[in-house]
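Below, chains carry the letters A, B, ... as their sequence lines are ordered, and counting in each starts from 1.
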Amino acid sequence: MKRGYVDSDMGQMHYWKTGSGPNLVLLHQSTQTAEEYKDMAAFLEDKYTVWAIEWLGHGMTDDPTREPEMADYTRTVIQAMDALGIDKAAMLGHHGGGSICIDIAAQQPDRVTHIVASGTGHRSPEELEGLLKHRTDTAQPEITADGAFLNKMWNIYATLGGPNTPMSLMHRVFLVNMKERMRPYDAHDPILKWNKAEACAKLTCPVLLMQGELDTFVTGQEHLLDVIEDSRRVVMKDIGAFLFYEAPEEIAKVVDEFLSEG
Amino acid sequence: MTLAPLRRTYVQGRNGQIHLRLAGNPGGDKRPMLCFHLSPSSGVVYENWLAEMGKDRLIVAPDTPGYGMSDFPPEQPTIGTFAEAMTDVMDALDIKDADIMGYHTGSKTCVELARQQPDRIKHLVLISAPIYTEADLAKQNSEMGSPDTPVEDGSHLIHSWAGLWRWRGPEQTPADIMYAFPDHIRGGERKHWGHAAAFSYTYPENIPAVKQPILVINTNDDLVVYTRRIREHLANGKVIELMDWGHGFLDYHTEETAAFVRPFLDQDIWPDTAE
């Protein structure tokens with residue numbers, strides 16, 4: 001696995017690359033990093049050139065100097081793909097990363113051969129308004145001298161995996177998230193406010209909608225089957241919000257089968 | 001705390017990719033400087049120092065193999081392994097000679113690098129240079145020289161946090177400690193490798209062979225008592241004691257530190273209060 005940086009108009013973008021074959025670009029979820037896909041890549045690298053790009057304000061990619069909009073996230077990933085010479089690719093994204101994949105494919109339909117949109121859902125305007133208000137009202141635990149906030153966050157994270165997810169694995173997820181929570185800007189809100197339905201209606205490539213059965217962050221994904229012309233859906237049983245950590249081999253198999261379809 | 005203006009890149013070392021932060025430009029008239037972090041941490045501790053010293057020289061802070069974003073070495077490393085990795089960094093960046101700074105474990109890497117590359121290393125700045133008795137070493141090894149295993153109730157997090165908080169610098173806030181905390185614990189089962197390497201390397205055996213000028217900065221941190229024992233072992237060195245400073249001084253006293261480090265590196269002028 002080779003790691004590196006390329007430049008965008010909002011700073012350095014960090015990525016890793018492994019394997020050989022057709023390009024498969026992976027975009028992590030908000031408050032995670034490319035670490036999310038390391039385990040799955042081991043099951044795909046014999047057949048694909050697997051790229052994981054850390055988007056603005058995540059991982060080792062630079063923090064933006066102002067609050068980004070969805071267009072900033074998308075544009076800078078495109079700039080990274082340009083710099084890396086990725087002219088054509090299948091794209092897979094989880095949660096917010098899935099939305100960026102959809103936005104890129106809507107803008108550059110000739111560039112994206114397939115999309116795996118994992119954990120990408122649909123909310124009515126009322127549901128969205130409620131979620132944004134809930135996010136505004138829910139404060140992050142204060143960082144205090146006694147370190148109690150660490151236990152509070154850990155207790156939350158320990159419950160987010162599926163029933164078969166080992167503690168050591170959720171600890172990995174937690175460590176990544178803990179670092180990402182300290183970034184100056186949270187990507188959730190600009191992505192939630194973005195007009196996903198409009199972009200979905202423009203998609204021409206095959207789309208696989210995927211969801212961990214126990215992923216409580218996702219709602220209304222089945223609605224997207226009606227919006228996206230060439231789409232199908234798979235629900236991964238007994239798996240939670242961190243499915244690429246939780247079941248990398250199982251998901252790699254599903255992804256490969258989808259990408260191998262005629 | 002705001003991120004300093006700097007760039008990041010990787011170079012290929014003999015044991016995998018080495019991640020580094022750098023500031024300034026190569027080709028200036030000042031010698032480049034390399035800075036090695038304490039363990040378990042990363043080059044993140046040098047971000048503000050890089051921004052300051054990068055104003056007039058190339059300055060580089062690699063992540064030690066196994067820490068930050070650098071690859072783990074294939075086997076548990078020694079200080080010699082770390083020094084070889086830093087030679088790889090110099091070679092990859094085409095740095096012919098350099099001044100070096102080390103922080104705790106990084107200080108030992110400095111000494112070993114100066115021993116391995118005597119013609120390429122011109123000055124050493126050591127942030128702490130502890131000399132341990134057998135009893136000290138047993139205590140340090142028991143506290144830091146073994147793996148840190150996650151437990152279900154999260155108490156390992158509080159334990160690690162408490163260790164950092166106990167030895168915080170006078171200005172450091174909970175947010176400052178939190179900024180460094182993820183890199184502090186991400187090594188997991190291999191987190192202790194850096195400490196184990198440091199505890200196996202002694203100054204009395206190695207530092208007398210270093211003839212280059214050595215400036216030891218002894219602040220009021222967890223190694224202050226042990227570092228006071230270094231003086232008699234310095235062939236060409238002095239110690240500056242800064243008892244009002246502690247961890248975080250490179251962030252909170254950045255310019256003050258540069259004001260005595262620059263003359264030392266560039267003109268061989270020792271700080272007035274160094275002895």
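Environment of CG in A:Asp82: crowded, with over 12 heavy atoms of neighbouring residues, nucleotides or ligands closer than 6.0 Å. Heavy-atom neighbours of A:Lys88 NZ from other residues, nucleotides or ligands within 6.0 Å: above the threshold of 12. Enclosure of atom NZ in B:Lys191 by more than 12 non-hydrogen atoms of other residues, nucleotides or ligands within 6.0 angstrom is indicated.
Top candidate by heavy-atom pairs under 4.5 Å with chain B, chosen from A:Asn155, A:Val176, A:Asp146, is A:Asp146. Highest contact tally toward chain A, considering only B:Leu164, B:Asp183, B:Val151, B:Thr173, is held by B:Val151 [criterion: heavy-atom pairs under 4.5 Å]. Among B:Gly16, B:Ala175, B:Pro174, B:Ala162, the residue making the largest number of heavy-atom pairs under 4.5 Å with chain A is B:Pro174.
Using a 4.5 Å cut-off between heavy atoms, A:Met170 makes no contact with chain B at all. Heavy atoms of A:Ala145 lying under 4.5 Å from chain B belong to its backbone as well as its side chain. Residue B:Arg166: no heavy atom, backbone or side chain, is found under 4.5 Å from chain A. Both the backbone and the side chain of B:Ile185 come within less than 4.5 Å of a heavy atom of chain A. Neither the backbone nor the side chain of A:Ser168 has a heavy atom closer than 4.5 Å to any heavy atom of chain B. Of the atoms belonging to A:Thr61, it is backbone heavy atoms, and not side-chain ones, that fall under 4.5 Å from chain B.
Residues of residues 152-159 of chain B that come closer than 4.5 Å to chain A, counting heavy atoms only, are B:Glu152, B:Asp153, B:Gly154, B:Ser155, B:His156, B:Leu157, B:Ile158, ordered by residue number.
Across all their heavy atoms, A:Met60 and B:Met69 have their closest contact at CG-CG, 3.6 Å. What you find for B:Trp161 and A:Leu150 is that their closest heavy atoms are CB-CD1, 3.7 Å. The two residues A:Asp7 and B:Arg7 have their closest heavy-atom pair at OD1-NH2, 3.2 Å. Of all the heavy atoms in B:Met178 and A:Ile143, the pair that sits closest is CG-CD1, 3.6 Å. For the pair A:Met182 and B:Pro182, the tightest heavy-atom approach, listed with the atom from each and the gap, is CE-CG, 3.8 Å.
Between atom OG1 of residue B:Thr9 and atom CZ of residue A:Arg3 there is a gap of 11.5 Å, rounded to the nearest 0.5 Å.
A:Trp16 and B:Tyr10 have their aromatic ring centers separated by at least 6.0 angstrom.
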